[in-house]
Amino acid sequence: MAVTDPQLKNLLSCINLEEQEQVQRYSLDQQHSLKVLKAEGLALHPITVTRKNFGYADYPEISFKLSYPVEINLFKDGAAIECFCPGEEPVKGVLLNLDGRSGEFRLFAPDFPDWIEDKNVGIKLAPDQRTTSIMKTTLNNLEANKTLYRLFEQIHGTVPATQMEMDIDEQPVLFHNKNLNPSQQAAVTAMIAGHDMLIIHGPPGTGKTTTLIEGILQLLQRGEKIIATAPSNTAVDNIAKGLIEKGVAVLRVGNSSKTDALVFAHTPEGKLANSREQKEIKQLKIRAEEYRKMALKYKRSFGREEREQRNLLFKEVKDIRQQIKKLQAYNEEKLVEQAAVILGTPIGLYDADLRHLKCNSLVMDEAGQCIEPLAWCVFPLAQKYILAGDHLQLPPTVLSNEAAQLGLNTSILEAAAKTIQPVFLLNLQYRMRQPIAGFSSRYFYEGKLMTEDNLLSAAQHLTFIDTAGSGFNEEHGQDGTSLKNEGELRIVNKIMETELINPLLAAFISPYAGQVAAAKELLPAHMRISTIDSFQGQEQHTIILSLVRSNDDGIIGFLKDYRRMNVALTRAKEQLYVIGDSATLGNDAFFIAFLKYVEEFGNYRTVWEWEL
């Protein structure tokens with residue numbers, strides 16, 4: 001049945017545009033040389049293979065390391081990749097994890113390629129056709145699901161949003177966590193009140209995950225079965241750990257390669273370790289490995305008979321692996337039934353095939369980072385939805401500018417917050433000194449974001465270092481695609497010396513990948529150096545933020561994405577240093593407001609203090 005809703009049609013066309021952009025951007029061809037892909041952060045080359053093994057469902061898995069600093073912002077866990085070696089046929093796979101200079105990926109192939117340990121091997125991002133296919137199927141079927149489609153219409157304002165009346169027990173809620181503040185308690189109370197959809201708006205440092213864990217415990221107490229999800233594996237694991245510590249029966253599905261021992265014990269693999277079923281799977285794996293080794297005797301085909309024999313052996317390997325998959329699926333189905341809370345990323349949950357399951361509530365953390373079509377892939381798994389996150393920080397990453405302009409980078413949280421009530425704001429932050437938090441509170445949160453008493457301070461915690469008139473001009477980096485400002489980096493080193501900043505307690509961040517690449521060459525090696533986008537969700541004692549832009553025309557480029565600045569200005573716990581050119585920034589209302597704030601509540605200094 002053809003889709004008739006104009007909003008659904010728009011989302012479907014956005015997915016097609018994004019798919020086309022991925023195909024175009026990730027191609028390794030004459031137009032997109034390896035050098036260009038590396039410069040744009042789309043390829044890692046060369047990689048050094050450190051370990052090979054057969055992992056989940058007997059797929060080949062490769063651990064690797066990088067011998068050079070690189071910006072890895074686009075290489076997210078679960079990203080579709082291709083492993084390549086120039087002159088050889090690339091192999092499709094999935095990135096399991098990448099942390100700093102070491103990572104792991106899985107190949108969708110019966111065996112390791114012959115060339116896997118070649119010195120010229122690399123990985124590059126590939127179009128994620130599987131995820132786009134799942135999203136398209138979901139959206140094409142949405143109108144047929146009357147209940148969900150009505151929710152879609154409410155979110156998009158085509159029908160009025162009708163919320164259920166508060167159905168709270170007359171008895172006061174007995175909170176497990178006695179340290180929740182009033183705004184957190186109000187959000188938890190709302191979670192158990194039976195709203196079709198509830199939004200918990202959690203600005204930086206306001207204890208969003210703590211609030212969600214308490215809410216889940218309260219829902220479980222009322223006999224509910226829960227699904228918990230988030231776009232990133234890290235966020236899923238944070239909720240899992242909180243629930244495990246409370247003794248909840250959880251099942252963590254999806255990518256378990258990066259989970260620590262605590263969470264791994266609650267994955268299907270961890271739960272089935274040493275079981276009779278696992279021993280059966282192990283025997284099948286041994287058989288598959290025997291056939292695989294026999295097939296490898298025909299590594300280079302000498303003739304038709306040898307080629308046929310090799311193909312037959314590989315067919316045996318494939319058949320055994322199908323048996324393993326079926327056995328694992330059967331075992332996982334039993335584990336799903338036993339769990340009180342099932343956790344995974346949206347695609348991890350989709351792959352777990354939970355359609356037969358009827359859960360009461362779905363809790364989504366980091367909903368401000370989840371594109372809307374991905375959310376509809378998991379909404380059929382429950383009847384009520386709790387979305388938590390901050391739509392005033394960075395939106396989801398979308399490659400296609402056209403798709404972004406049509407709304408694909410509008411998260412499910414941002415879309416829902418416009419029409420769905422109630423929205424519960426967590427209004428007390430526990431991360432930053434008050435002078436650091438104050439500007440974001442004023443500009444983004446209508447002055448409602450308060451600071452915990454212990455963090456109130458009259459000392460200097462916010463410093464702006466003005467480079468106006470210094471000649472520290474922006475310039476294009478070596479790759480020609482991103483900007484850098486070496487003058488600002490020289491000042492960073494001098495600030496660290498004179499202010500006695502410990503590199504282990506500090507992080508350098510910048511909106512520009514070119515500046516980050518240059519910083520990795522010039523700043524202390526053991527200091528955390530990152531783009532703002534990669535640093536979202538993290539914090540550090542001291543943050544040094546380099547704004548880079550300095551030109552005669554007052555052009556500030558994507559510094560105009562103020563949500564990125566909101567992330568940058570809310571990462572520091574004790575000290576925030578911002579380096580920028582007031583002459584370039586001073587034509588923009590946001591930065592005018594920020595500079596005025598610094599003059600009132602911070603420390604306004606000039607670069608000449610160090611240069612002279």
Side-chain angles (χ1 to χ4, degrees), residues 15 18-19 22 25-26 41-44 47 55-57 59-64 72-83 91-100 102-109 123-138 227-240 251-260 263-264 267-269 332 342-354 364-378 381 389 394-399 408-409 411-412 533-534 536-537:
I15 293 168
E18 180 70 0
E19 202 169 22
Q22 285 184 11
R25 283 276 293 279
Y26 298 159
L42 302 173
L44 304 175
I47 62 170
Y56 179 74
Y59 284 120
E61 291 183 358
I62 291 117
S63 300
F64 68 95
I72 57 173
N73 182 42
L74 295 172
F75 281 86
K76 304 212 186 288
D77 297 355
I81 57 109
E82 278 184 359
C83 182
V91 182
K92 291 187 185 302
V94 60
L95 183 71
L96 298 176
N97 66 77
L98 180 55
D99 186 11
S102 60
E104 193 178 3
F105 59 90
R106 178 182 296 147
L107 293 178
F108 299 133
I123 62 170
K124 70 178 187 69
L125 291 175
D128 190 355
Q129 288 160 328
R130 189 164 171 280
T131 300
T132 51
S133 167
I134 290 168
M135 291 192 293
K136 282 187 211 173
T137 303
T138 300
I227 285 185
T229 187
S232 78
N233 282 296
T234 304
V236 173
D237 286 344
N238 284 340
I239 296 177
L251 181 68
R252 167 66 162 101
V253 299
N255 179 11
S256 62
S257 65
K258 202 181 177 183
T259 57
D260 58 29
V263 177
F264 183 78
T267 62
E269 299 99 302
E332 283 176 26
I342 300 150
L343 303 103
T345 61
I347 292 300
L349 290 167
Y350 188 94
D351 283 346
D353 195 15
L354 308 173
M364 179 181 280
D365 196 6
E366 287 190 348
Q369 284 280 295
C370 180
I371 60 171
E372 189 185 337
L374 202 52
W376 292 107
C377 296
V378 287
L381 303 176
L394 278 166
T397 303
V398 168
L399 280 181
L408 188 60
N409 70 342
S411 69
I412 184 62
D533 297 46
S534 292
Q536 177 155 295

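Judged as a side-chain hydrogen bond (donor to acceptor under 3.5 Å, both in side chains), and not counting sequence neighbours, the contacts of Thr132 are Glu19. By the side chain to side chain contact (heavy atoms under 4.5 Å, CB included) test, Pro346 pairs with Thr229, Leu374, Val378, sequence neighbours left out. For Asn238, there are no side-chain hydrogen bond (donor to acceptor under 3.5 Å, both in side chains) partners at least two apart in sequence or on another chain. Ser232 pairs by the side-chain hydrogen bond (donor to acceptor under 3.5 Å, both in side chains) definition with Glu366, not counting sequence neighbours. Residues satisfying the salt bridge (charged side-chain N to carboxylate O under 4.0 Å, His left out) test with Lys92, not counting sequence neighbours, are Glu82. Contacts of Val94 classified as side chain to side chain contact (heavy atoms under 4.5 Å, CB included), with partners at least two apart in sequence or in another chain: Leu96, Arg106, Phe108. Every salt bridge (charged side-chain N to carboxylate O under 4.0 Å, His left out) that Arg25 has, sequence neighbours left out, goes to Glu21, Glu40. Remark: Asp128 pairs with no residue by the salt bridge (charged side-chain N to carboxylate O under 4.0 Å, His left out) rule, at least two apart or across chains. Tyr350 meets the ring-ring contact (aromatic ring centres under 6.0 Å, His included) test with no other residue; sequence neighbours excluded. The side chain to side chain contact (heavy atoms under 4.5 Å, CB included) check on Asp351 picks up Arg130, Ile347, with sequence neighbours excluded. Partners of Glu18 under the side-chain hydrogen bond (donor to acceptor under 3.5 Å, both in side chains) rule, at least two apart in sequence or in another chain, do not exist in this structure. With sequence neighbours excluded, the residues forming a side chain to side chain contact (heavy atoms under 4.5 Å, CB included) with Pro127 are Gln22, Val23, Tyr26, Gln129, listed by chain and number.
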Stepwise side-chain contact (heavy atoms from CB on, under 4.5 Å) check, Lys76 with Asn233: CA-CA 10 Å; Lys76 304 212 186 288; Asn233 282 296; over 6 Å; no

Evaluation steps, side-chain contact (heavy atoms from CB on, under 4.5 Å), between Cys83 and Ile62: CA-CA 10 Å; Cys83 182; Ile62 291 117; 5.8 Å; no

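When side chains are defined from C-beta on, Thr267 counts as touching Arg252, because their heavy atoms get closer than 4.5 Å. A 4.5 Å side-chain heavy-atom check between Pro373 and Thr138 finds every atom pair outside the cut-off.
Closest non-hydrogen pair, Ala230 versus Ala235, comes out as CB-CB, 3.6 Å. The two residues Val253 and Gly348 come nearest to each other via the heavy atoms CG2-O, 3.9 Å. Minimum interatomic distance between Phe105 and Ile47 (heavy atoms only, all atoms of both residues): CE2-CD1, 3.9 Å. In terms of heavy atoms, Leu343 sits closest to Ala240 at CD2-N, 3.7 Å. When all heavy atoms of Ala79 and Leu125 are compared, the closest pair comes out as CB-CD2, 4.0 Å. When all heavy atoms are compared, the tightest approach of Asn409 to Pro395 is O-CB, 3.3 Å.
For the atom pair CE of Met364 and OG1 of Thr345, the computed distance is 10.0 Å after rounding to the nearest 0.5 Å. The distance from the CD1 atom of Ile123 to the CZ atom of Phe64 is 4.0 Å, given to the nearest 0.5 Å. To the nearest 0.5 Å, atoms CD1 (Ile81) and NZ (Lys124) are separated by 9.5 Å. The structure places CG of Leu42 at 6.0 Å from CG of Leu74, a figure rounded to the nearest 0.5 Å. In this structure, the separation between CD1 on Ile227 and CG on Leu381 is 4.0 Å, given to the nearest 0.5 Å. A distance of 11.0 Å separates CD of Glu372 from SG of Cys377, quoted to the nearest 0.5 Å.
A donor-acceptor distance shorter than 3.5 angstrom exists from the side chain of Gln369 to the backbone of Leu394, with no hydrogens or angles considered.
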